[in-house]
Amino acid sequence: MTEKKLDENFVISEKTGKKYFPTIGLEIHAELDTKSKMFCSCENNPFASEPNTNICEVCMAHPGTLPVVNKEAVKSVLKVSIAINGDMADFSEFDRKNYFYPDIPKAYQISQFKYPLNSNGELAGVKITRIHLEEDTASSSHKGDISLVDFNRAGVPLMELVTEPVIYNADTAMNFGKELQLLLRTLGVSHANLEKGEMRIEANVSVSEDGNFEMLEGDFSKLGVKTEVKNLNSFKIVGAAIDFEIKRQIKALESGEEIVQETRGWDENKSATFSQRKKENSDDYRYFPDPDIPKYKISKIEEFSEENLKKEIPELPWEKRERYQNDFGLNLDQIEFFLQNPKYDNLFSNTTKSLKEEKSFKLASNYISTVITGLEKNEEGEFSNFTENNIVDLINMINEGELSSRGAKDVLGIIFKEKGNTKKIAQEKGFIQKSDPEEMKKILEKILEENPTQVESYKKGEEKLLQFFVGQGMKATQGSANPGLLAKLLKELLS
Ligand code: ADP
Ligand code: ZN
Ligand code: MG
């Protein structure tokens, strides 16, 4: 039983002040990043520069050819199934989804109807209905009255994930999409880039006037009539289209219009959805089991065993979040930064192996996520010049008081340009902080002599003047002193 959350998720009509309850379910396709296509040995590269180069008799549906199931593609979906705690199918069957369009050579698409590889599961708090495997279509482009079809994409493995209608606002939908993208990338099963169409989100949206019910699983009869919005190629657009659709449907209902079940597109210029076609239902596709593809039992195939698949599943995003928070004390923003940017995450994560205290982890995280990214933005250099030893040495030297934050930045700047050893650079370029107490004392004594009024005020209790003296000390040493040491010596001299 899925309980509809009543109070938090309603929209108030601008016109009548009445409450409406939006419901959203997502259908998300992702191209799987396998070596070859779903049913043939053509290279899986839909972005090949020359059109119609990665094609063969099988994916072009020549008579007499037979499809062979790509095991890697099946494994990819099974890994997602394990990650979302779903129920892995044991029986596999592929079905033909019949329809004609110039971008499907066979006039049917091989898909899974009755036996999806995964049922159930949950991600980002959203219940998942199913995930099945199918093949992508070709891509067509239209120039004037000429249409061109590129079959490089035809037959590329595609997974389709369907959620339950248990999303009640645009933010949750966007967050779900981002979390799925992160999961697919973490598992290495898809690049999942929305802009490139490697991941495609379709949002089913309805509004209902009654939020006061418990929805029985699979019983959508109490929900309003839904529309399905397609061609949403960024998360921002997913959110905007859902919000638009909710408002549009409320307006329509209030002006006595009937909502029709249809597919709508997104018009970027108007920031609006528009009607594309009335929705087919599954009867129209005349699904039936594909007689060309053997049915098989998942558990009979060694590579598909849960035990083997689990060995190939890396640390999942939510596991990493918890570890980075508990073990390193990073804040949520920093953790997301690393999750979204594997390049920096690798450097950080290798660095943590040689560091111990929370203070050091946080420093390493800061230098990588702010200083190094800043260098990349503003200067010429190579990120790959940075090694984990560079960062570990840097953090240790900062902790020892040998490097100021200014000095640390300068050292990183040099490594970015020309590689090198952190300690050596700091020594050669004179970045090592002055920490000879006797020498510092002399400098500070002179500063105190030159500032008798401030000394008097300090002694009368104006303790914040300590910072002023530290500042003077830093100035006198051109920033090479350790401010901590200066403060300590000043307190001694002034007492
Ligand atoms: P269809 O047969 O039109 O494809 P499905 O029942 O397969 O519809 O559901 C497709 C998607 O639409 C799923 O993500 C489901 O959660 C969602 N959905 C179904 N009914 C509604 C509704 N009334 N409002 C919003 N989403 C819905
Ligand atoms: Zn082929
Ligand atoms: Mg459907």
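Atoms within a ligand are numbered from 1 in the order they appear, just like the ligands themselves.
- Aromatic ring orientation, F348 versus F338: parallel (interplanar angle below 30°, classes split at 30° and 60°).
- Of all protein atoms, those that are N, O or S and lie under 2.8 Å from the Zn ion (ligand 2) total 4.
- Between R323 and E315 there is a salt bridge, since a side-chain N of the basic residue sits under 4.0 Å from a carboxylate O of the acidic one.
- Between E254 and K251, no side-chain nitrogen of the basic residue sits less than 4.0 Å from a carboxylate oxygen of the acidic one, so the salt-bridge criterion is not met.
- A salt bridge links D292 with R96; the closest basic N to acidic carboxylate O contact falls under 4.0 Å.
- Using a cutoff of 4.0 Å between basic side-chain nitrogens and carboxylate oxygens, E303 and K71 are scored as salt-bridged.
- Between K19 and E209 there is no salt bridge, since none of the side-chain N atoms of the basic residue sits less than 4.0 Å from a carboxylate O of the acidic one.
- Ionic pairing of E306 and K310 is present here: one or more N-O contacts between side-chain nitrogen and carboxylate oxygen are shorter than 4.0 angstrom.
- Cation-pi contact between K297 and F91: absent, since separation from the ring centre below 6.0 Å together with deviation from the ring axis within 45° is not met.
- Counting atoms of ligand 1 from 1 in the listed order, those under 4.0 Å from a heavy atom of T163 are 13 (C), 14 (O), 15 (C), 16 (O).
- Ligand-side atoms of ligand 1 in range of G224: 23 (N), range being under 4.0 angstrom from any heavy atom.
- Looking at E228 against ligand 1, nothing comes within 4.0 Å, counting heavy atoms.
- Taking every heavy atom of Q261 and a limit of under 4.0 angstrom, the matching atoms of ligand 1 come to 3 (O).
- Near L223, meaning under 4.0 Å from any of its heavy atoms, are these atoms of ligand 1: 22 (C), 23 (N).
- The list of salt bridge (Lys or Arg N to Asp or Glu O under 4.0 Å) pairs with a residue in residues 361-372, not counting sequence neighbours, reads E358-K362.
- Here is the list of ligand 1 atoms found below 4.0 Å of a heavy atom in E164: 16 (O).
- Ligand 1 places these atoms under 4.0 Å from at least one heavy atom of V162: 13 (C), 14 (O).
- The option with the heavy atom closest to atom 22 (C) of ligand 1, from among S206, G25, A203, is S206.
- For the pair N350 (side chain) and N346 (backbone), a donor-acceptor distance under 3.5 Å is present.
- Here the shortest heavy-atom distance to atom 27 (C) of ligand 1, taken over K127, E202, E27, K226, belongs to K226.
- Of the charged side-chain nitrogens involved, none lies within less than 4.0 Å of a carboxylate oxygen, so that E27 and R200 do not count as a salt-bridged pair.
- For ligand 1, the atoms sitting less than 4.0 Å from at least one non-hydrogen atom of L26 are 14 (O), numbered in the order shown with element in parentheses.
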